[in-house]
Amino acid sequence: MTQPCLIVRFSETTLKGRNRAMFERRMVQNIGAHLQSHGDYRLHRQFARLTVNGGGDLSLALDILKGLPGIANLSLAHPVPRDIDALSLAAVAYLGRVLEQSPRTGTDPIAFKMEVARKDKTYPLNSMEVASRLGRDVLAAYPQLKVDLDHPRLVVHVEILGDTAMLFERKVPGPGGLAVGSSGKAVCLLSGGIDSPVAAHIMMTRGVRVVYLNFHSYPFIGEQSKEKVRDLVRFLARFQPASRLYFAPFAATQTAIRDRCPEGLRTLLYRRMMNRVANQVVRRERAGALITGEAVGQVASQTLPNLHTIAETAEWPVLQPLIGQSKQEIIERARRIGTYPISIQPYPDCCTLFQPRRPETRAKPDALRRAEVGLPVDALVAECLEGLEWTDYGPEYYPADWSA
Ligand code: ATP
Ligand code: MG
C-alpha cells in the first residue's frame, strides 16, 4: 500500500468566489508556515482541502495543525487508486489491517459502515453505488462484519478525489473559522489575565491576525509578570504564523495618575491611557481594530458606563469577543485553548498597582475628562511609545500536553 498522507479540510465552505480563493490561499500559506521547521512536507491542494505528504512525521503534523484556525477537520489517510476494481481491492486490504489492529471481542458481529464522499462529480459511479459495491466486497471477505448504518462501531471513509481515492477511519476536528490573516490585523491589549488571551484566540479563529500589546509597570511589578505574558504569547503563537508582542512601559503613567487624579477613577484612567497608546500601535502596525478581554459586569471597570468611558478614548473599533460571557464560560474556554494554566500563575498585572479602595462603578465621561486636565496626557503617551519594546515569535509549537 502507498505511503499514508494527511488530509486537511478547510472550513467556512459557504465563502464564495474571490473570498474563497483568498481564504484557501491564506490557509495553504499558514499550514506551510506551521509545518516548515518540522519536516520536508509536501502540500497539494484540491477540493477545499489540502493533502500533506511524506517528508516528516504525519502524526506530528496532525497535532500541529489541529489547532489552526480555518481547519474544519483532518484525517490520516491512505491514498489508493480510484478505479472501482482497484479501489475495492484496496478497501478490502485496508479493512483487513484495521481488523487486525482492533480484533473482534466475543462472537457478535462487528457493526460496520462504509461512508463514501465523491468529491469529483465526474467520477462514473455515485457515492451510493460506490458504497454498495465496496460494502459487498468487504462483507464477502470478512464474515465477522455486519452493516449497521445507524450505530457502526467501525466506519471506513472513502473520499474520491480528482486522481486518487482516500481511505481513512477518523476525522479529527479542528477549530473551524477562518485562516488567520484573511480578516486583517488587530492589536490585542493582553494583560496576562484569563480573559484577554481567550479574546485573542477567538479573533484569530475569525481570521484576524493578532498583534499583542502589554502594559507593564516595571520596576513596581517584577520581571516575572513580563515572562508570564511572553509565555502566553509563545503559547498563542501556535495559532498564527507570526506573532509580535509589544511591551509598553507604564510605570510613569500610573505614578502620574496616582499623584494627580481622584483615587476612585484610577483603573479607568489607566485603561483610557492604554487605549491612547494602543491607537498609535494600531497605526504603526497598519491594523484596523483593538481587541480586549472585557465582559459586562465582570469587574468594577466593566459596567456599561465605565465601558463607555474607556471606549471613548479608542479611535478604532474595539472588538470585545467576550462581552456577553460569564467568567465560568471564559475559564472553560481558556482551559480548552490551553492558556488557563499560564494565566493563573500568581504574578500581578499593572492594573492591580495602586488599586483604589473604592473604585467608581458609574463614572461619567465628563468626570474622567476633568480628572485628565491635570495629567500630561500627550507627553505620557509619547513616553510609552518611545519606550516600546517588541519581539517577534514564529509559529511555535508545543506538544498537546504542554503546560506552563
Ligand atoms: P483579563 O483577564 O484579560 O486581565 P480582567 O477581567 O482582569 O481581564 P481588567 O483587568 O479590567 O479585566 O482588564 C480589561 C481588559 O483591559 C483586559 O482584558 C485587557 O484587554 C486590557 N488590559 C488590562 N490590563 C492590561 C495590561 N496590563 N496590558 C494590556 N492590556 C490590559
Ligand atoms: Mg486583568
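Every number for a ligand or one of its atoms is a count from 1 in the order of the listing.
- Counting heavy atoms from C-beta outward, T391 and R244 have side chains that stay 4.5 Å or more apart.
- In this structure, R283 pairs ionically with E315, as a charged nitrogen and a carboxylate oxygen lie closer than 4.0 Å.
- At distances below 3.5 Å, not a single donor-acceptor pair connects side-chain atoms of S225 with backbone N or O atoms of D349.
- Considering backbone and side-chain atoms together, I291 places no N or O closer than 3.5 Å to any N or O of ligand 1.
- Heavy-atom proximity to T292, at under 4.0 Å, picks out these atoms of ligand 1: 20 (O).
- In terms of polar-atom proximity, R271 is counted as a contact of ligand 1, with an N or O under 3.5 Å from an N or O of the ligand.
- Residue L213 approaches ligand 1 through these ligand atoms, each under 4.0 Å from one of its heavy atoms: 29 (C).
- Proximity of D349 to ligand 1, defined as any heavy-atom pair under 4.0 Å, is confined to the side chain (atoms from C-beta onward).
- Between the choices M274, E294, H216, Q302, the shortest heavy-atom distance to atom 13 (O) of ligand 1 belongs to Q302.
- Counting only N and O atoms by type, the side chains of R9 and N73 include a donor and acceptor under 3.5 Å apart.
- The ring pair (Phe, Tyr, Trp, His ring centres under 6.0 Å) pairs that include a residue from residues 145-192 are H157-F168, where partners are two or more places apart or lie in different chains.
- At a 3.5 angstrom cut-off on N or O pairs, F215 counts as close to ligand 1.
- Ligand 1 has a nitrogen or oxygen under 3.5 angstrom from a nitrogen or oxygen of G293.
- Residues meeting the side-chain contact (heavy atoms from CB on, under 4.5 Å) test with R362, sequence neighbours left out: P305, E360.
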